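Since the structure comes first, as structure tokens, the remarks are kept for the end.
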2 protein chains.
Amino acid sequence: MRKVVSSGQPTIKEIAKRLNISVSTVSRALHDHHSIGLRTKARVQQLAAELGYERNQTAIFFQQGKTFTIGILLPELSEAFFSSAISGIEDTAYSNNYTVLLGQSHDDEAREKQIIQSMKQHRVDGCIVSIGKNTRNYEHFEMLRQAKIPVVFFDRIPDLPNIHSVSCNLESGTVQAVDFLLKKGHRVIGMINGPEQLVASGERAAGYMRALHKHRLKYDPELIVNADLTAAGTAEAMKHLLSLKRKVTAVVTFNDYVAMDAVQYALKQKLEINKDITFVSYANTPVSSYTAYPPAASVEQFPYEQGQAATNMLLSILNGDHDFNDYQQLIMESQLVLHT
Amino acid sequence: MRKVVSSGQPTIKEIAKRLNISVSTVSRALHDHHSIGLRTKARVQQLAAELGYERNQTAIFFQQGKTFTIGILLPELSEAFFSSAISGIEDTAYSNNYTVLLGQSHDDEAREKQIIQSMKQHRVDGCIVSIGKNTRNYEHFEMLRQAKIPVVFFDRIPDLPNIHSVSCNLESGTVQAVDFLLKKGHRVIGMINGPEQLVASGERAAGYMRALHKHRLKYDPELIVNADLTAAGTAEAMKHLLSLKRKVTAVVTFNDYVAMDAVQYALKQKLEINKDITFVSYANTPVSSYTAYPPAASVEQFPYEQGQAATNMLLSILNGDHDFNDYQQLIMESQLVLHT
DNA sequence: GTTAACCACGCAAGCGTTTGCGTAATTGGC
DNA sequence: GCCAATTACGCAAACGCTTGCGTGGTTAAC
């Protein structure tokens, strides 16, 4: 006894039977194929409309081996930076008739792997991913490569050869940030950086050093501390910086959230913000404009635009606009935004 | 000349050929079917592992007429309230082996329709949607009903009979909010409400009136104004409220963003926040804790939990735990959170 | 020794669509 | 009036997988 799954949705076969023609003719008529007569075309299209026919995408996906779906894997959907990025990705995917499959890793490597696995099984055409901050092992991305599913990394990019990526040039933004502080007279500038293995952390550190070098100042390794981006980690980092002999008067923090946490810590230590200590950070989160003690400046990373760019890159790869081995890395310019 | 789409991915057929057994045996072996001998099971599973076999989900989706995918349609992915909700939805979908297809309407009715259409074509098993604030026409949801695709509405719920929904009891939260203001001595309390057709707006208004009634105060219709949630609309609403003869000393705003905009307007009018005028709002956006002039209190709506609840409801419907005509509406309690 | 039960597997249909190829019938050129 | 091109359509395979049914072979019960 066959289970009837039909759900009433009319199929191409239905139309064919009613019109007494073959399914192939119906299919072609629906696609406006030139080899179908005008009369039959019209009849088919009219009946299709009447029946409320809708192509069964799952059948087409299966048949074509293409899903017009892109998978997007992010650490945390609710973080402002990433949710802006999602927004940019969805917008450009949508206008190119692609849909978006979503997954969040919560910075958990195991979950990251499972999601990638799931996306692979779903046969997404490509992926856009920002890796978790604890991810050390990249074999799941290697599997995607073997399955010939292209992936564009963005923002949090793994340290791997031969990948596509979109990111912001944080080094130049950091130079701008440190320049800004130096011009305001600060000489002992701390930095609360992120986990060491993130490329983004390396870029921040590099920018920091380049700016110092430009001004012929010497670099004190004690001033850069790698934290884990939690409130507790930030507090500890601040504690370290404030314990140094040379008085730290400004701190560059990994992002606006870290900045806010750092501000909280500083306030507890009875420091006056923008007087005893000045903060500069990254992300330029919109809310910081409403904030009591916003960082004096923030490096805008254009998440929405990064999302757009990553999607466009992925789509052009899917369209076969490039050689398979032509790995692209788009680096957007970040920009320091003053909040004074 | 047949195009080779294979992409090298091994199929069930491959395994069958190599082992000289039938595809059905392989399929059953992979599913641990009892009617397959232990020896063959082992051989199949080992070879599958060696080859890196992975089931082709698109084929299964097609064959089973089920996609294990839920569509989620929201006005704006980057809004904090919704991105928390997404997070909750994705988490519970993930732990039930469902995946999530994403779309944002940008509060545009036409786009909302297109996305629903697209999800229908993608044959999602069900949908979770929060409607756009301008949506007046609900025929696209009627189409989903006809296609027997269940949909759970949440937060922004249309005024339709026979729907599933998850929402927060804003009326009680509003009563708490107005009570709070009344106890602080405010007697002329304005309200910047949302678009009239939103159920959420009605609930806020009802709560407002109920609180007044409880305290035997009479209700002045001039004090409630329906705005469009833009900064400009909020400014206009504030202008109206401040122009009234009776001096408004407190305002309940539709959400934290409206509150922030209202605060900005009040500051421009040289009003002192929490002295000349006090704000109470909804959403309890985390950032408002960092904010310069946060609302004195905010009604927490638990977006993450709402997302979880909506997903659980949808999954239980998909599991056939209910009659088809057993429409459920879950109403969660909101809770006033003081920021003092 | 017959029947029944079970075990281990193969056959083949079917899900809805696309598409290469074949085949009539009509048209046009000379 | 013959060949070629064009028009209008049908046939059937293929995509990968699941599953109802059938079929030998072995075992157990009476």
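All values below come from the heavy atoms of this structure, side chains included, with hydrogens, waters and symmetry mates left out. Residue numbering restarts at 1 for every chain, and letters A, B, ... go by the order of the sequence lines. Remember, predicted model here, so these are calculated numbers, not experimental data.
- For DNA chain C, the neighbouring residues in residues 52-61 of chain A, judged by any heavy atom under 4.0 Å, are A/Tyr53, A/Arg55, A/Asn56, A/Ala59, A/Ile60.
- Counting to the nearest Å, the C1' atom of C/dC9 and the NZ atom of B/Lys41 are 13 Å from each other.
- The distance from atom CG of A/Asp321 to atom CD of A/Gln328, rounded to the nearest 0.5 Å, is 9.0 Å.
- Comparing the end axes of the helix from C/dG1-D/dC30 to C/dC30-D/dG1, each fitted to five base pairs by superposing C1' atoms of four pairs onto the next four, gives an inter-axis angle of 40° (nearest 10 degrees).
- By the ring pair (Phe, Tyr, Trp, His ring centres under 6.0 Å) test, B/Tyr94 pairs with no residue at all, sequence neighbours left out.
- Remark: B/Tyr98 engages B/Phe68 in a ring pair (Phe, Tyr, Trp, His ring centres under 6.0 Å) (not counting sequence neighbours).
- Counting to the nearest Å, the C1' atom of D/dC15 and the NZ atom of A/Lys66 are 17 Å from each other.
- Residues satisfying the salt bridge (charged side-chain N to carboxylate O under 4.0 Å, His left out) criterion with A/Asp32, sequence neighbours excluded, are A/Lys41.
- By the 6.0 Å contact criterion, CZ on B/Arg39 is open, its count of non-hydrogen atoms from other residues, nucleotides or ligands being 12 or less.
- Every pair passing ring pair (Phe, Tyr, Trp, His ring centres under 6.0 Å) that includes a residue from residues 119-142 of chain A is listed here, sequence neighbours excluded: A/His122-B/Phe61, A/Phe141-A/Phe153.
- Annotation: side chain to side chain donor-acceptor pair (under 3.5 Å) contacts of A/Tyr53 (sequence neighbours excluded): none.
- Between A/Gln63 atom CD and C/dG20 atom P the separation is 11 Å, expressed in whole Å.
- Put simply, CZ on A/Phe62 is 13 Å from P on C/dT17, counting in whole angstrom units.
- Distance CG/B/Leu314 to CG/B/Leu318: 4.5 Å, rounded to 0.5 Å.
- Contact annotation: the side chain of B/Thr25 never approaches that of B/Leu19 to less than 4.5 Å [non-hydrogen atoms, C-beta and beyond].
- Residues that satisfy the side chain to side chain donor-acceptor pair (under 3.5 Å) test with B/Thr67, not counting sequence neighbours, are B/Asp125.
- The side chain of B/Gln64 contributes an N or O atom lying less than 4.0 Å from OP1 or OP2 of D/dT19.
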Please enumerate all protein N or O atoms sitting under 3.5 Å from an N or O of nucleotides 24-27 of chain C, with distances to 0.1 Å.
none

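- For residues 18-40 of chain A, proximity to DNA chain C is found at A/Ser24, A/Ser27, A/Arg28, A/His31, defined as any non-hydrogen atom under 4.0 angstrom from a strand atom.
- Considering only residues two or more places apart in sequence or on other chains, A/Asp91 meets the side chain to side chain donor-acceptor pair (under 3.5 Å) condition with A/Tyr304, B/Gln104, B/His106, B/Arg111.
- For B/Gln329, the side chain to side chain donor-acceptor pair (under 3.5 Å) criterion is met by no residue, not counting sequence neighbours.
- For C/dG14, the OP1/OP2 oxygens have no side-chain nitrogen or oxygen of A/Lys13 closer than 4.0 Å.
- Taken to the nearest 0.5 Å, the NZ atom of B/Lys113 stands 10.5 Å off from the CD atom of B/Gln117.
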